[in-house]
Amino acid sequence: MLKKIKNLNKKLSKININSASELEIFRIKYLGKKGILNSFFKEFKYINNYEKQNIGLSLNTFKKNIKNIFLYYKNFFLKKKNINNNIEDLTKPGNKKYLGSRHPISIIKNRIINIFNKIGFKICEGPEIEDDWYNFTALNFPYNHPAREMQDTFFIKKSSKLLRTHTSSVQIRYLEKNKPPIRIISPGRVYRNENISSYSHCMFHQIEGLYLDKKVSFKDLKNTINFFIKNFFGKSITRLRPSYFPFTEPSAELDILWNNKWLEIIGCGMVDPIVLKNVNIDPDLYSGFAFGMGIERISLMIYHLNDIRFFFENDLRFLEQFKKEF
């Protein structure tokens, strides 16, 4: 078999193909189902294991030579055909243009932003790579505090940098450079060291809001959230439950009755005075509230989906369903 392959390789080096029809004969002879290459591979299965290495190398070289010759002449005859057909065929159908669409996460994010824009909240964005101060310490997550385990993230080796776990870090950056009254929302991508499953991911999107001024109360927080719920979901049944967040006190979680189930969609509370002191704002003069929501969680509800991984797979069959909302 080895001699046959060597002899055929010599013949290939001298081969000359003069037309497309000759090329097709060459293809069938060497690459067809009953061609020489397939017959060699069938025979190769029964060769002694000690001989397979040498014969396998020669066989692969032979296969490569055949394909190179075929592709060379195929391109040659195509170019020749194009040169001879200078006149364009006006009856040919045009090239189809595929229009993209907005990602479902972007659609929901923009809807949320538009609602809060109506009541004076402006967009504020910041870096996804943060340090400990902005992501934890300034937000009343002291070093070694158990609450940090709730937001375990990804740390950069030999550096104090980390991937932010929430967009609250953006609010700290804004508060350092601006004084009340402040009314901002912070949309963006965040990261958590979590197992990927149908309802959790190591990367997701948030929108957080902050309102800071004189004499801001919990009633203002409830009114703002209710305004959002009514405008986004329409008439809906909600409830507030006491909760814990290091950067707010008191804190609460808002649930919405959706398909006869209570689903948590928003975490909120009054800004903790410690956070205000960390950014040199007098907590005796100013007060405020903060809230945050996961865009993926709301998107799953709106589009009746049951797997968060759909949003990150870049499957065109999935994404094309949202063209009508573009």
Side-chain angles (χ1 to χ4, degrees), residues 104-125 139-140 150 166-168 170-171 174-175 178 180-188 190 199 204-273 275-276 281 283 286-305 308 325:
I105 297 298
S106 296
I107 294 170
I108 297 300
K109 180 188 75 173
N110 291 338
R111 284 179 60 186
I112 296 170
I113 288 172
N114 289 338
I115 291 170
F116 283 107
N117 281 163
K118 292 177 182 178
I119 51 176
F121 284 82
K122 67 177 184 178
I123 295 176
C124 181
E125 297 179 316
L139 289 159
N140 199 27
M150 298 163 55
H166 46 194
T167 56
S168 301
V170 179
Q171 297 173 359
Y174 189 86
L175 289 172
N178 299 272
I182 288 169
R183 195 178 297 190
I184 59 171
I185 50 172
S186 308
V190 298
Y199 280 94
F204 55 99
H205 297 78
Q206 270 190 343
I207 286 186
E208 296 194 27
L210 174 68
Y211 176 43
L212 202 62
D213 204 346
K214 295 177 181 178
K215 298 181 180 180
V216 177
S217 66
F218 200 88
K219 181 182 177 181
D220 298 314
L221 168 60
K222 288 179 66 177
N223 288 338
T224 301
I225 291 178
N226 284 333
F227 175 84
F228 165 71
I229 295 295
K230 287 178 182 178
N231 280 270
F232 191 90
F233 294 100
K235 293 182 180 180
S236 56
I237 300 173
T238 61
R239 69 180 182 186
L240 278 170
R241 293 180 291 106
S243 187
Y244 169 76
F245 302 107
F247 37 84
T248 55
E249 179 62 38
S251 302
E253 289 180 351
L254 182 130
D255 301 332
I256 184 170
L257 190 61
W258 191 262
N259 295 332
N260 297 319
K261 291 182 181 179
W262 287 107
L263 296 176
E264 175 210 334
I265 60 167
I266 294 176
C268 58
M270 302 302 293
V271 179
D272 195 299
V275 175
L276 297 180
I281 293 176
Y286 295 104
S287 60
F289 62 76
F291 58 86
M293 64 191 85
I295 301 176
E296 278 82 358
R297 180 171 295 183
I298 294 177
S299 300
L300 289 172
M301 294 167 58
I302 296 298
Y303 295 120
H304 305 288
L305 300 172
I308 196 173
E325 297 195 45

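These numbers come from the heavy atoms of this one structure, side chains and all, not from hydrogens, waters or symmetry mates. Since we're looking at a predicted model, the values are computed, not measured.
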Self-check item: Listed partners of Ser106 passing side-chain contact (heavy atoms from CB on, under 4.5 Å), at least two apart
Solution: His103
Quiz item: Taking side chain as C-beta onward, heavy atoms only, is Pro187 less than 4.5 Å from Glu125?
Solution: yes
Practice problem: Can you see which heavy atom on Ser299 is nearest to which on Pro104, and at what distance? | Solution: OG-O, 4.2 Å
Quiz item: Which pairs with one or both residues in residues 216-228 pass side-chain hydrogen bond (donor to acceptor under 3.5 Å, both in side chains), sequence neighbours excluded?
Solution: Ser217-Asp220
Exercise. With sequence neighbours excluded, give me every side-chain hydrogen bond (donor to acceptor under 3.5 Å, both in side chains) pair touching residues 240-249.
Key: Arg241-Glu253, Arg241-Asp255, Ser243-Glu253, Thr248-Ser251
Exercise. Using only heavy-atom distances, determine whether the side chains of His166 and Glu208 contain a donor-acceptor pair under 3.5 Å.
Key: no
Quiz item: Is there side-chain contact between Phe228 and Ile266, with at least one heavy-atom pair below 4.5 Å?
Solution: yes
Exercise. Provide the full list of salt bridge (Lys or Arg N to Asp or Glu O under 4.0 Å) pairs with a residue in residues 225-234, sequence neighbours left out, each pair given once.
Key: none
Quiz item: Hey, does Leu210 have a side-chain heavy atom less than 4.5 Å from the side chain of Val271?
Solution: yes
Quiz item: When rounded to the nearest 0.5 angstrom, what is the spacing between OH in Tyr211 and CZ in Arg183?
Solution: 4.5 Å
Exercise. Can you measure from CG (Leu212) to OG (Ser287) and round to the nearest 0.5 angstrom?
Key: 7.0 Å
Quiz item: How would you list, by chain and number, every residue that makes a ring-ring contact (aromatic ring centres under 6.0 Å, His included) with Tyr174, sequence neighbours excluded?
Solution: none
Quiz prompt | Distance (rounded to the nearest 0.5 Å) between Ile298 CD1 and Met293 CE | solution = 5.5 Å
Quiz item: Considering only heavy atoms from C-beta outward, does the side chain of Leu240 approach that of Cys268 to under 4.5 Å?
Solution: yes
Quiz item: Hey, are the side chains of Ile256 and Ile237 touching, using non-hydrogen atoms and a 4.5 Å cut-off?
Solution: no
Self-check item: Approximate separation, where rounding is to 0.5 Å, of Leu175 CG and Leu276 CG
Solution: 7.5 Å
Exercise. Tell me, please, which residues at least two apart from Asn231 pass side-chain contact (heavy atoms from CB on, under 4.5 Å).
Key: Ile115, Phe227
Self-check item: Qualifying residues under side-chain contact (heavy atoms from CB on, under 4.5 Å), relative to Pro181, sequence neighbours excluded
Solution: Asp213
Quiz prompt | With sequence neighbours excluded, residues passing side chain to side chain donor-acceptor pair (under 3.5 Å) with Arg297 | solution = none
Quiz item: Sequence neighbours excluded, which residues qualify as side chain to side chain donor-acceptor pair (under 3.5 Å) partners of Asn110?
Solution: none
Self-check item: Those residues that, when tested against Phe204, pass ring-ring contact (aromatic ring centres under 6.0 Å, His included) (two or more places apart)
Solution: none
Practice problem: Could you go through the side chain to side chain contact (heavy atoms under 4.5 Å, CB included) check for His205 and Glu296 one step at a time? | Solution: CA-CA 7 Å; His205 297 78; Glu296 278 82 358; 2.7 Å; yes
Quiz item: Which atom names give the shortest non-hydrogen contact between Arg111 and Phe232, and what distance separates them?
Solution: NH2-O, 3.5 Å
Quiz prompt | Ile123/Ile184 under side chain to side chain contact (heavy atoms under 4.5 Å, CB included): CA gap, chis, key distance, verdict | solution = CA-CA 6 Å; Ile123 295 176; Ile184 59 171; over 6 Å; no
Quiz prompt | Phe291 ring center within less than 6.0 Å of Phe116 ring center | solution = yes
Quiz item: Taking only residues two or more places apart in sequence or in another chain, which ones pass ring-ring contact (aromatic ring centres under 6.0 Å, His included) with Tyr286?
Solution: none
Quiz prompt | Phe121 CZ to Ile185 CD1 distance, which is reported to the nearest 0.5 Å | solution = 8.0 Å
Quiz item: So, for Leu139 and Ser168, which heavy atoms are closest and what is the spacing to 0.1 Å?
Solution: CD1-CB, 3.6 Å
Quiz prompt | Nearest heavy atoms of Gln206 and Thr167, plus distance in Å | solution = OE1-N, 3.3 Å
Quiz prompt | Partner set under ring-ring contact (aromatic ring centres under 6.0 Å, His included) for Trp262, not counting sequence neighbours | solution = none
